[in-house]
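Since the structure comes first, as structure tokens, the remarks are kept for the end.
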There are 2 protein chains.
Amino acid sequence: MRQQPEGTPTRRTTLADVAAAAGVSRALASIVMRGAEGAGEATRLRVLEVARELGYRPDSRARLLRSSRTRLLGVTFTLSEPFHGEVVESIYAAAEADGFDVVLSAVGARRPESRAVESLLDAGIEAALMIAPSSAPDLLAAYARQVPVISLLSTTSAEGVDVVRSDDGAGVRAAVEHLVSLGHRNVVHIDGAGAVAADERSAAYRAAMQEYGLSANIRVLHGGAHEEDGLRAAGELVAGSIPDAVVAFNDRCALGVLEAVRRAGLNVPEDLSVTGYDDSQLSRLSHVQLTSVSQDAPRLAAAAVACAAARLASQEPKDLVHQPQLVVRETTGPAPARV
Amino acid sequence: MRQQPEGTPTRRTTLADVAAAAGVSRALASIVMRGAEGAGEATRLRVLEVARELGYRPDSRARLLRSSRTRLLGVTFTLSEPFHGEVVESIYAAAEADGFDVVLSAVGARRPESRAVESLLDAGIEAALMIAPSSAPDLLAAYARQVPVISLLSTTSAEGVDVVRSDDGAGVRAAVEHLVSLGHRNVVHIDGAGAVAADERSAAYRAAMQEYGLSANIRVLHGGAHEEDGLRAAGELVAGSIPDAVVAFNDRCALGVLEAVRRAGLNVPEDLSVTGYDDSQLSRLSHVQLTSVSQDAPRLAAAAVACAAARLASQEPKDLVHQPQLVVRETTGPAPARV
DNA sequence: TTGAAAGCGCTAACAA
DNA sequence: TTGTTAGCGCTTTCAA
């Protein structure tokens, strides 16, 4: 038997073992282990010492099963989205600070969001943080009837679902404003084409252009959330008359745009400025240096965790909408002097 | 109370509810729910119907706690590594096919691998699949004493740990062979600089060069696993005498190399060929089209799950080492006619 | 401050 | 084929 090298059936040490070895009852040992009050200092130290010696680790299944306060936060995210990963990392940090544990459930090509959420519910989570949820509103509402549900990055909400997000309108406006202040007039938007938050960003683009008296120059191209989409859309764009600047739906899309521009023999930002959205790791790569709107993943994550905590304490959550910030890097510059 | 809209304390329906409603014992209901044998056809249908009506979902904590056969596979992976995500997706698919459930635990900047594994152990997994593990051998061995541990992508093993991987030596050799057959002689390797599998790949590069009588041209540069590393290393490279080709440690590193080459005003593959490693989504992007060595994530994942299954059945695992395959795209071409 | 007893929701022997 | 009986390891009253 490879699991029991010595042939001895080494059971995992349980709380009962610790209690016995320390000469106390299981209940008391339990109190000590979870740091609850009701144990004398001497006992507490002794139990802790014994637990350490025996290499005791509480069994999370049993603990979760018994207590209604599991302090467990469920998170759904998409494996193929790097930015989701950044948010998840931040959620770990924020949750730990608030004394929560985190359990992950991935959404992928072969794993629909419904399955991801349900497995979390079965695991005994107290609240669900869903990153860019794609489920139908009535499904989301059904989940929200079981635990508090917080939707991140997406504006699509539902009955009982809290939405923690950055103000996409303000973000896009900041990008347009930045470009206009650099002298650009022909600012094109390559949209998210049905992706989460796409409509809100397009609307903000239109509004901002109008605000700056550039209604006549409004032009929205059908893009998408990935490199390929940006490449395709920008490919068509540069085949015609070159605009001054492109506001891309997100960073990945912007990367595709950059490539298309490059292929057309144009220089960024001399011939054309480009902005992204997310301020993801991608945008920060030294060879990319993409001007991008930061959603500030750490702050968003902290707000989401705080929102969950508030709901669990039957309080009204706050700080649900955050102000994004434009991070200017090297893909935007003064407008070219065109004919 | 937002969770109980009607004020009725709606408990989650349990197996007992289903049993009562169907007029059978809990044990029998359990048999039906998990598809075990020992229930009459009529009862089975009735129980199933009642369960559906009541919206019953088994509580995974209770189920896990009770049964020793949890059919639960734990997976550790790094959030910031896109290729890990690809492997995880494939593990989901493979595990499902083999009747396993999967629980994820991420490694991140603020979450060491040790914590990731321990939380899995506490969750009651039957085996751990660790993607590119970085723990010390004695730690890995300690984990392996508790459950079968399978290490993916990495060759670093430990007592009792199975390693499922592709033959990196063969992969690098295939890349070098491909380049040599295209007429390249000055083939430089930008290594992984201490990353998982880096040493094996460098060694294979040296061996392959030697094999082709190119010992004199062996040149290994200090690189790394990310874009920045490739960019830096290749930046230094192109500042000197330009080689014929570069074998990069992995795809992300290769991307950095491509950028450096581009900046130097050189064309790929006309002036210089570049190969990556992983055949990740990145390499397949239409604007990248990177020639890369495929680790075949789906096959690797299937092998890892099969390995876990074998260990759990006290059988010897097989198919631990896979033959990688070179995927030729557009970053490699005939050697330039140089002076 | 401590301990006894009950039970979270489920599965697995066993007996009927 | 069905039901009974015992727990899995832990937390949580309640009494001592």
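Below, read A as the first sequence line, B as the second, and so on, with proteins coming before strands; counting in each chain starts at 1.
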Per nearest nucleotide of DNA chain D, the residue lying toward the 5' end, B:A39 or A:A27, is B:A39

With a cut-off of less than 4.0 Å, is there a side-chain N or O of B:R69 near OP1 or OP2 of C:dA12?
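False: B:R69 side-chain N/O out of range (4.0 Å or more) of C:dA12 OP1/OP2.
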
When the distance from [atom1] of [X] to [atom2] of [N] is rounded to whole Å, what number comes out?
X	N	atom1	atom2	result
B:M33	C:dA12	CE	C1'	17 Å
A:L28	D:dT11	CG	C1'	13 Å
B:D122	D:dC8	CG	P	19 Å
A:I31	C:dT2	CD1	C1'	8 Å
B:R34	C:dG9	CZ	C1'	13 Å

What residues, two or more places apart in sequence or in another chain, satisfy side chain to side chain contact (heavy atoms under 4.5 Å, CB included) together with [X]?
X	result
B:R34	B:S30, B:I31, B:A36, B:R63
B:E89	A:L79, A:S80, A:A109
B:A310	B:Q315, B:P317
B:R165	B:T155, B:V163, B:E200, B:V321

Reckon [X] touches a base, only the sugar-phosphate, or nothing at all at heavy-atom distances under 4.0 Å?
X	result
B:T43	sugar-phosphate
A:A36	nothing
B:G40	sugar-phosphate

Could you check which residues of residues 14-25 of chain B get a heavy atom under 4.0 Å from DNA chain D? Sort them by number, please.
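Residues of residues 14-25 of chain B under 4.0 Å from DNA chain D: B:V24, B:S25.
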
If you take any heavy atom closer than 4.0 Å to DNA chain D, which residues from residues 45-67 of chain A end up in contact?
A:Y56, A:P58, A:D59, A:A62, A:R63, A:R66, A:S67

Kindly write out the residues that satisfy side-chain hydrogen bond (donor to acceptor under 3.5 Å, both in side chains) with [X], not counting sequence neighbours, or none if the list is empty.
X	answer
B:E81	B:H226, B:R252
B:S157	none
A:E86	none
A:E37	none

Please determine, by modelled atom types, if A:S166 and A:R299 share a side-chain donor-acceptor pair under 3.5 angstrom.
no

Nearest-0.5 Å distance, CD of residue B:E96 to CG of residue B:D98:
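Those atoms lie 10.5 Å apart.
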
Check nucleotides 14-16 of chain D against the protein and report each pair of N or O atoms closer than 3.5 Å, with its distance, or say if there are none.
none

The criterion is salt bridge (Lys or Arg N to Asp or Glu O under 4.0 Å); which residues satisfy it with A:E41, sequence neighbours excluded?
none

